[in-house]
Structure formats: C-alpha cells, structure tokens
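Okay, structure first, notes after.
Count residues from 1 along the sequence.
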Amino acid sequence: MKLPFSPFLLGYGAGACTVLLGKRLRPLLLELATVLYRLADSVVVKATMKQEDLANLLAEARVRARHTSGPAARGQVRA
C-alpha cells in the first residue's frame with residue numbers, strides 16, 4: 001500500500017495549526033462565549049418579565065370577570 005505524501009503533509013499541517021492557533025484563539029472564544037451567555041441571560045430576564053406581566057393581566061381579568069358576572073351586574077337583583 002502506497003501512502004501519498006500530500007495528504008499526509010496536509011493532515012500534519014492541520015494538526016500543527018490546531019495546536020498553535022488553539023492557544024491564540026482561546027481569548028477570542030472566551031469573549032464570544034461571554035457575550036453569548038450575557039445575551040441568553042438577557043433573553044431569559046425579559047421573557048420572565050413578560051410572563052409576569054401576562055400573569056398579572058390574566059389575574060386582573062379574572063377578578064373583573066368574577067365581580068361583574070353576578071346578578072347585580074346584570075340588573076337582575078329583586079328587592
């Protein structure tokens with residue numbers, strides 16, 4: 001079995017570049033991950049606030065519905 005030299009050299013070069021660039025790319029990857037975590041935290045906070053707003057709105061609607069659905073609200077009270 002004959003091993004071509006060019007694929008071997010290409011693989012060796014890719015491995016060497018990975019080792020050499022890995023140390024230099026670490027700060028960049030760390031900064032990118034930090035930005036992504038901040039973005040995700042921001043989205044979670046905003047979603048939680050919107051969920052609370054919706055819960056408050058539905059609770060207020062429930063209170064209004066219960067206070068206005070009785071016989072007095074429909075004019076059916078007999079004295």
Working to the nearest 0.5 Å, report the span between [atom1] of [X] and [atom2] of [Y].
{"X": "Leu39", "Y": "Thr34", "atom1": "CG", "atom2": "OG1", "result": "12.5 Å"}
{"X": "Leu25", "Y": "Leu32", "atom1": "CG", "atom2": "CG", "result": "11.0 Å"}
{"X": "Leu36", "Y": "Asp41", "atom1": "CG", "atom2": "CG", "result": "11.0 Å"}
{"X": "Lys50", "Y": "Asp53", "atom1": "NZ", "atom2": "CG", "result": "6.0 Å"}
{"X": "Leu57", "Y": "Glu52", "atom1": "CG", "atom2": "CD", "result": "13.5 Å"}

Problem set entry | Thr48 side-chain N/O to Val44 backbone N/O, donor-acceptor pair under 3.5 Å | yes
Taking the six-membered ring for Trp, are Tyr12 and Phe8 parallel (under 30°), tilted (30 to 60°) or perpendicular (over 60°)? parallel
Q. Does Leu54 belong to the same Ile/Leu/Val/Met/Phe/Trp/Tyr cluster as Met49, with side-chain heavy atoms less than 4.5 Å apart forming each link?
A. no
